[in-house]
Amino acid sequence: MASAISTKDAPAALGPYSQATLLPLHPQKSLLYVSGQIPLLPTGELVSSTITEETSIALSNASAILKEAGATLQNVIKATVFLTDMKDFNELNAEYLRWFTWDVKPARSCVEVRALPKGARVEVEVVAFV
């Protein structure tokens, strides 16, 4: 049975969902599905700045949720990035590389969407093993 993961070091869910869901696969292995993170501070305040700063905050939120589950960004096996403007792709990638510094990076998709919650310009969700 899946269990919810929650931390005060990341913003609360904006709707009827968990910050993350932990799914046990084996007595010592689980998959962690982290809900999409936008550039919200843990207080719930949206940061509207450069795509670099917004990406950093979204990844910081994901990292805090991973930490609560006993994982780090190095446990991430798949990331999905949503952008409201693909013109931000290069700037996003530059910041993303600051967070994922090791050789074998997680698989990733990046898609342009019309809109994101609260008017955010970037959202990042990850799947990790724990």
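Basis for what follows: all heavy atoms, side chains included, without hydrogens, waters or symmetry-related copies. No experiment lies behind these values; they were computed from the predicted model shown.
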Mind checking whether [X] and [Y] have side chains closer than 4.5 Å, heavy atoms only?
{"X": "Q19", "Y": "S35", "value": "no"}
{"X": "F82", "Y": "L116", "value": "yes"}
{"X": "S60", "Y": "Q37", "value": "no"}

Of E54, E112, E53, E91, which is the lone residue that meets salt bridge (charged side-chain N to carboxylate O under 4.0 Å, His left out) with R121? E54
For the student: nearest non-hydrogen atoms of [X] and [Y], plus distance:
{"X": "I38", "Y": "A120", "result": "CB-CB, 3.8 Å"}
{"X": "M1", "Y": "P24", "result": "O-CD, 3.5 Å"}
{"X": "L46", "Y": "G119", "result": "CD2-C, 4.4 Å"}
{"X": "V122", "Y": "P39", "result": "O-CD, 3.4 Å"}

E68/I65 under side-chain contact (heavy atoms from CB on, under 4.5 Å): CA gap, chis, key distance, verdict: CA-CA 5 Å; E68 184 68 23; I65 295 165; 5.6 Å; no
Passes side-chain contact (heavy atoms from CB on, under 4.5 Å), L66 versus V130? Steps please. CA-CA 9 Å; L66 287 162; V130 180; 6.0 Å; no
Determine, for Y96 and R108, whether the Lys NZ or Arg CZ falls below 6.0 Å from the six-membered ring centre while staying within 45 degrees of the axis.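 Positive - R108 is close enough to the ring of Y96 and near enough to its axis.
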Among I57, T55, N61, find the residue that satisfies the side chain to side chain contact (heavy atoms under 4.5 Å, CB included) test when tested with L59.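 Among I57, T55, N61, the one meeting side chain to side chain contact (heavy atoms under 4.5 Å, CB included) with L59 is T55.
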Of the options V34, L32, L31, which is the one that meets L22 in a side chain to side chain contact (heavy atoms under 4.5 Å, CB included)?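 Answer after filtering V34, L32, L31: L32.
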Are there more than 12 heavy atoms of other residues, nucleotides or ligands under 6.0 Å from atom NZ of K105?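 Atom NZ in K105 is crowded, with more than 12 foreign heavy atoms closer than 6.0 Å.
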Please evaluate residues S30 and F129 with respect to the criterion side-chain contact (heavy atoms from CB on, under 4.5 Å), reporting the C-alpha separation (whole Å), side-chain torsions for both, the decisive distance (0.1 Å), and the verdict. CA-CA 6 Å; S30 299; F129 66 90; over 6 Å; no
When rounded to the nearest 0.5 angstrom, what distance separates CG in L40 from CD in E123?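 Output value for this atom pair is 9.5 Å.
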Just do the side-chain contact (heavy atoms from CB on, under 4.5 Å) check on D85 and L83 with the steps written out, would you? CA-CA 5 Å; D85 190 340; L83 288 172; 5.9 Å; no
